[in-house]
**Student:** 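This is the structure I want to talk about, given as structure tokens.
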Amino acid sequence: MSLPEYATVYNNFDAAALEAEILDGRLDSGLNVCHEICDKWATDPQRVALYYEKEGGGDGTLTFAELKEKSARFANYLKSRGIGKGDRVAGLLPRSPELLVVIAGALRAGAVYQPLFTAFGSGAIEYRLERADTKLVVTDPVNYPKLNDVKNCPPVLCLAAQQAGSDIPDFEQTLAEQSAEFEPVMVKGTDPFLQMFTSGTVGKAKGVAVPARALMAFYVYMKYAIDLRDDDTYWNVADPGWAYGLYYAVVGPLLMGHATHFNPGAFTPESTYDMIRKYKITNLAAAPTAYRLLKANDHVLPEGENLGLRVASSAGEPLNPEVVNWIRNRHYCPVKDHYGQTETGMTCCNFHGLEHPVRQGSMGYSSPGHKVVALNEKNEEVGEGEIGQLAVDVKASPLFHFDGYTWGEKDPFVNGYYLTGDMVICHGDGGFSFSGRDDDIITTAGYRVGPADVESTLLEHAAVAESGVVGKPDEKRGSIIKAYVVIKSGQEPSEDQALKDELQELVRRRLSTHAYPREIEFVDELPKTPSGKIQRFVLRNRAKDEAGA
Ligand code: ATP
Ligand code: MG
């Protein structure tokens, strides 16, 4: 199979030339990330960095020039508190202009920005602040009370502080007292600029420090996979409390001098469509859970309305083919699946910006600057049609930037490969399809079945909103496949057994006889991470309990 444009770009990728082009070749000599994502574009006073909707109504904009000024004030405040290079500064903030100011200001001071998702409770916040030895938290009156329960909480700055309590330092007032001039602090490409934690889908979240050289990989993703064009209006729905939102709703677009968009509040199909209509979004990015919710609420979009989307992108979980078809039919645009991790950013994608064949249900090909492969248990590359663990060949990946977990986790590097913990089917032409997380793969009667295929097949049934598929211990077969299924509202069957039979038959017919769920249970909701990923280990434990194992 020839991969015309993709192959040309991939094979001729030159990291040094890219560094020269976008970062003036300064990864070794020193650069400032805030300069790259803000100051560089602030010479045009009209250039907008952020369009935002306000909580409770109204909207606003923040220009790069305003962001430059405010971030300098915040950087001066950090300096006055002795906070600088390498120190962690956390934002526990909703999607708001202040959030951008805190990110940009921390980076201007050479500090490391640490996101805290606003849905976190005090335990999750404490865990992350303690591990990162965070020096300051910026929050708002809604989230402030959670910090009262955090042991050894670092100093706090609060937006509209008088609403949270009279003795708390106010963010706006503090900034107003600072000078608007601040000389950016230089960092090296190997120095961290973001302090992340993984999503905690299979257990405790792992600490990941992202070095400044990751800007190169972010740029490549925005350019080739998202295909962000000058005339695009781009909205990544993901919250910057997570890697997908912080890397590609904030850093990525701003690095290209592009405006980003924030809407407030939790995800709803109605507010999502309102936002797309109002800002004439052409380039959309969101997690599969968001797309699944749009599809399950199909009635919200008037029949025949074309929102004018040019392209859509998805990442974080498998993108079910049924959702792909729905978006093509209802939104008249292609949606492409991208694979990545907090640790590495996006490494395997279907590229909107590069011509190549797209296989149904596949997560695509290695990103330019990365080489991903699938390995067997002996860490040898597997052949076409085989399942293996997805790994990054570090030496062959000049844009690979993960150095290992910050706090005492198992070493994910073996023989020059970084092991992702995800199982994929190798297509032999450089393409891969996601099968499941290592722990999620089910062995039933000697066959290995990935939950992704079974879940995608169940989704083809009109009554299914989503499902989680796991192995349930079974004496005869080792495990049987069990599906926990959420039914679309208004579609509850009059008789459960008839629907179960239909679903089993569907998987038998569409996928294979050995992969059908012998047991189906209808549930109101699935256990998910705060970022919306299905936690199959919770379902697996439930199934184990049910089996009495
Ligand atoms: P933790 O590592 O703490 O258990 P997590 O792995 O979910 O959480 P993230 O870094 O947010 O944390 O997510 C990366 C993982 O998400 C990948 O390892 C993979 O399992 C899954 N993932 C990401 N993109 C895709 C995709 N396109 N298709 C299938 N799975 C994906
Ligand atoms: Mg992970």
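Ligands are counted one by one from 1 in listed order, and the atoms in each one are counted from 1 as well. We number each residue from 1, following the sequence as shown. Since the model is a prediction, treat every value here as computed from it, not as a measurement.
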**Student:** Is it the side chain, the backbone, both or neither of Phe434 that has a heavy atom closer than 4.0 Å to ligand 1?
**Tutor:**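 Under 4.0 Å from ligand 1, Phe434 contributes side-chain atoms alone.
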**Student:** Report the member of Gly421, Gly340, Ser435 with the shortest heavy-atom distance to atom 14 (C) of ligand 1.
**Tutor:**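 The residue whose heavy atom sits nearest atom 14 (C) of ligand 1 is Gly340.
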**Student:** As an exercise, identify every atom of ligand 1 less than 4.0 angstrom from a heavy atom of Asp337.
**Tutor:**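 With Asp337 as reference, the close atoms of ligand 1 come out as 26 (C), 27 (N).
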**Student:** Near Pro318, which atoms of ligand 1 are under 4.0 Å from a heavy atom of that residue?
**Tutor:**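 Per the distance check, 28 (N), 29 (C), 30 (N).
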**Student:** With atoms numbered from 1 as shown, which atoms in ligand 1 lie under 4.0 angstrom from a non-hydrogen atom of Val202?
**Tutor:**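 Contacts of ligand 1 toward Val202, numbered from 1: 4 (O).
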**Student:** Just let me know how Arg437 lines up against ligand 1, side chain, backbone, both or neither, with a heavy-atom cut-off below 4.0 Å.
**Tutor:**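 Answer for Arg437: side chain.
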**Student:** Using heavy-atom distances, let me know which of Ser531, Ser199, Gly364 sits nearest atom 12 (O) of ligand 1.
**Tutor:**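 When every heavy atom of Ser531, Ser199, Gly364 is considered, Ser199 comes closest to atom 12 (O) of ligand 1.
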**Student:** Would you kindly specify which portion of His338 sits under 4.0 Å from ligand 1, judged on non-hydrogen atoms: side chain, backbone, both or neither?
**Tutor:**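 His338 to ligand 1: backbone contact only, side chain stays beyond 4.0 Å.
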**Student:** Provide the number and element of each atom of ligand 1 under 4.0 Å from a heavy atom of Thr342.
**Tutor:**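 In order of number, 9 (P), 10 (O), 11 (O).
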**Student:** What do you reckon, does Gly316 have a nitrogen or oxygen under 3.5 Å from a nitrogen or oxygen of ligand 1?
**Tutor:**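 N/O-N/O distance under 3.5 Å: yes.
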**Student:** Need the ligand 1 atom indices (1-based, order shown) with element for anything under 4.0 Å from a heavy-atom of Thr198.
**Tutor:**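 Listed by number with element, the hits are 1 (P), 2 (O), 3 (O), 12 (O).
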**Student:** Are any of the N/O atoms in Lys204 less than 3.5 Å from those in ligand 1?
**Tutor:**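 No, no N or O pair falls under 3.5 Å.
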**Student:** Any idea which atoms of ligand 1 are less than 4.0 Å away from a heavy-atom of Lys206?
**Tutor:**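 The list of qualifying atoms is 1 (P), 2 (O), 3 (O).
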